[in-house]
Amino acid sequence: MADSHTWAAMPSAAQQARSVLATAWSCLATAEGGREEFIGAHTVAEDGRVLLRVPEDSALSAICAPRGELPAVLEFADVAPVPVRGRVRARLWLAGRFVPGAEHLVFRPLRVVLRRPSSTVVVDPDEFAAAAPDPLADAEARLLTHLADCHPDAVDRLTRLVAPDSLHGAVRVRPLAVDRHGLTLRIERARTDGDVRLAFHAPADDVAQLTDRMHVLLAQASAAPCPRALQRHRPDGDG
């Protein structure tokens, strides 16, 4: 169930894709009919090329080395750092070619597809190459877990900024995502859930600016009417 809400400025699809790529810990590679998962083995060049360290016994390396290149598809998952149902927030697929490098296999994306809960977007490869990750991407996991674990009262207060119909049947509200333009809350109900975005009054380019934007949201929430209390019982698992 999707909640109706007015979404303000958001990172572009290319920026979201670059953020997924920058923060994903694992990479699933499909080539020549085989699949291999690599954990903590990739880095990203400024132009969006993926540099993948593979073990000597990797099938990718064995196939790519004699050929000089290898068509492949890479998949990355964007996983919410806070436990919620449906923790995969987005998936990113890159289709392109590996070529051997000095210490890595170098993958150049030729087709970029970003799938989010609301839509699937084909991202222009040139836009992807030119885009940068969200400036808060590297800090997002730490920021959201701190908000959820240490300031649940602040999360409850922020629900005053959510339309009452979006809170109908809510049993729990958790911080799901944050970027330079806003904070997204996950509204969990007994069987369904929905996401609501709270836009910042101005973009935040670093953690200090994010702190200021959050203080503004909390001040707005304190001045807003208090909605009906959430139904306090545990939802069906964190998924």
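All values reported here derive from a predicted model rather than from experimental measurement. Along the sequence shown, residues carry numbers from 1. Only this structure's heavy atoms are used, side chains among them; waters, hydrogens and symmetry mates stay out.
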**Prompt:** Side chains of R213 and H215: closer than 4.5 Å at any heavy-atom pair?
**Reply:** no
**Prompt:** Is M10 close to R197 at the side-chain level, that is, under 4.5 Å between some pair of heavy atoms?
**Reply:** yes
**Item:** Residue pair R189 / R85: nearest heavy atoms and the distance that separates them
**Value:** O-NH2, 2.8 Å
**Transitive ILVMFWY side-chain link L218 to L210, under 4.5 Å** = yes
**Asked** What is the distance from atom CG of L136 to atom CG of D205, rounded to the nearest 0.5 Å?
**Response** 8.0 Å
**Asked** Do the side chains of R174 and L185 get nearer than 4.5 Å, heavy atoms only?
**Response** no
**Asked** Do L158 and L217 touch side chain to side chain, with heavy atoms closer than 4.5 Å?
**Response** yes
Under 3.5 Å, which donor-acceptor pairs do the side chains of residues 74-83 form with other protein atoms, sequence neighbours left out?
{"residue": "E75", "atom": "OE1", "partner": "W93", "partner atom": "NE1", "Å": "3.4"}
{"residue": "E75", "atom": "OE2", "partner": "R91", "partner atom": "NH1", "Å": "3.2"}
{"residue": "D78", "atom": "OD1", "partner": "R89", "partner atom": "NE", "Å": "3.4"}
{"residue": "D78", "atom": "OD1", "partner": "R89", "partner atom": "NH2", "Å": "2.8"}
{"residue": "D78", "atom": "OD2", "partner": "R89", "partner atom": "NE", "Å": "3.2"}

**Asked** Does I63 belong to the same Ile/Leu/Val/Met/Phe/Trp/Tyr cluster as L94, with side-chain heavy atoms less than 4.5 Å apart forming each link?
**Response** yes
**Prompt:** Which is it for S58 and E36 under the side chain to side chain donor-acceptor pair (under 3.5 Å) test, yes or no, and what are the steps along the way?
**Reply:** CA-CA 8 Å; S58 166; E36 289 187 75; 3.2 Å; yes
**Item:** Close side-chain approach of L21 and F128, heavy atoms under 4.5 Å
**Value:** yes
**Message:** Using every non-hydrogen atom in the two residues, find where V44 and R18 come nearest and quote the distance to one decimal.
**Reply:** CG1-NH2, 4.1 Å
**Request:** Report the distance from atom CE of M214 to atom NE2 of H151, rounding to the nearest 0.5 Å.
**Result:** 9.5 Å
**Request:** Determine the sole option in V106, L52, V54 for which the side chain to side chain contact (heavy atoms under 4.5 Å, CB included) test with F98 is passed.
**Result:** L52
**Request:** Check whether F107 and L114 end up in the same hydrophobic cluster, where Ile, Leu, Val, Met, Phe, Trp and Tyr are linked by side-chain heavy atoms less than 4.5 Å apart.
**Result:** yes
**Request:** Applying side chain to side chain contact (heavy atoms under 4.5 Å, CB included), name anything that partners S12, two or more places apart in sequence or on another chain.
**Result:** A14, Q15
**Fill in**
Closest heavy-atom pair, P71 versus R97, reported as atoms and distance to 0.1 Å, is CG-NH1, 3.3 Å
**Over all atoms of both residues, closest heavy-atom pair of V121 and S119** = CG2-OG, 3.9 Å
**Prompt:** Do any N or O atoms from the side chain of T23 and from the backbone of S19 form a donor-acceptor pair under 3.5 angstrom?
**Reply:** yes
**Asked** Any side-chain heavy atom of V155 sitting closer than 4.5 Å to one from L147?
**Response** yes
**Request:** Report yes or no: does Q16 contribute a side-chain atom to a donor-acceptor pair with the main-chain N or O of P11 at less than 3.5 Å?
**Result:** yes
**Request:** Please confirm whether the backbone N or O of D134 pairs with a side-chain atom of R180, one donor and one acceptor, at under 3.5 Å?
**Result:** no
**Request:** Check whether more than 12 heavy atoms from other residues, nucleotides or ligands sit under 6.0 Å from atom CD of E37, and answer yes or no.
**Result:** yes
**Interatomic spacing from NE2 in H181 to CG in L198 - rounded to 0.5 Å** = 15.0 Å
**Message:** Is there a continuous path of hydrophobic side-chain contacts, each under 4.5 Å between heavy atoms, that joins V73 to V50?
**Reply:** no
**Prompt:** Yes or no on side-chain contact (heavy atoms from CB on, under 4.5 Å) for V207 and R142, after CA distance, side-chain angles and deciding distance?
**Reply:** CA-CA 11 Å; V207 174; R142 172 174 56 84; 4.2 Å; yes
**Asked** With a 4.5 Å heavy-atom cut-off, do C64 and L105 have their side chains touching?
**Response** yes
**Non-hydrogen atoms of E32 and L70 that approach each other most closely** = CG-CD1, 3.7 Å
**Fill in**
CG of L51 to NE2 of H104, rounded to nearest 0.5 Å, is 5.5 Å
**Single-linkage hydrophobic cluster, 4.5 Å side-chain cutoff, L144 and V162 together** = yes
**Item:** Residue pair F200, D212: steps toward the side-chain contact (heavy atoms from CB on, under 4.5 Å) verdict
**Value:** CA-CA 10 Å; F200 298 144; D212 172 73; over 6 Å; no
**Over all atoms of both residues, closest heavy-atom pair of L110 and P125** = O-CG, 3.3 Å
**Prompt:** Given V122 and V112, is the side-chain contact (heavy atoms from CB on, under 4.5 Å) satisfied, shown in steps?
**Reply:** CA-CA 6 Å; V122 177; V112 180; over 6 Å; no
**Message:** Keeping R53 on the side-chain end and G40 on the backbone end, is there a donor-acceptor pair under 3.5 Å?
**Reply:** yes
**Request:** Report yes if some heavy atom in the side chain of I187 is under 4.5 Å from a heavy atom in the side chain of V196; otherwise report no.
**Result:** yes
**Asked** If only atom types and distance count, is the side chain of D165 paired as donor or acceptor with the main-chain N or O of H168 below 3.5 Å?
**Response** no
**Message:** Show, in sequence, the C-alpha distance, side-chain angles and deciding distance for W25 and I39, and conclude whether the side-chain contact (heavy atoms from CB on, under 4.5 Å) test is met.
**Reply:** CA-CA 6 Å; W25 182 243; I39 307 297; 3.0 Å; yes
**Request:** Ignoring hydrogens and angles, tell me if any N or O in the side chain of R160 forms a donor-acceptor pair with the backbone of A223 under 3.5 Å.
**Result:** no
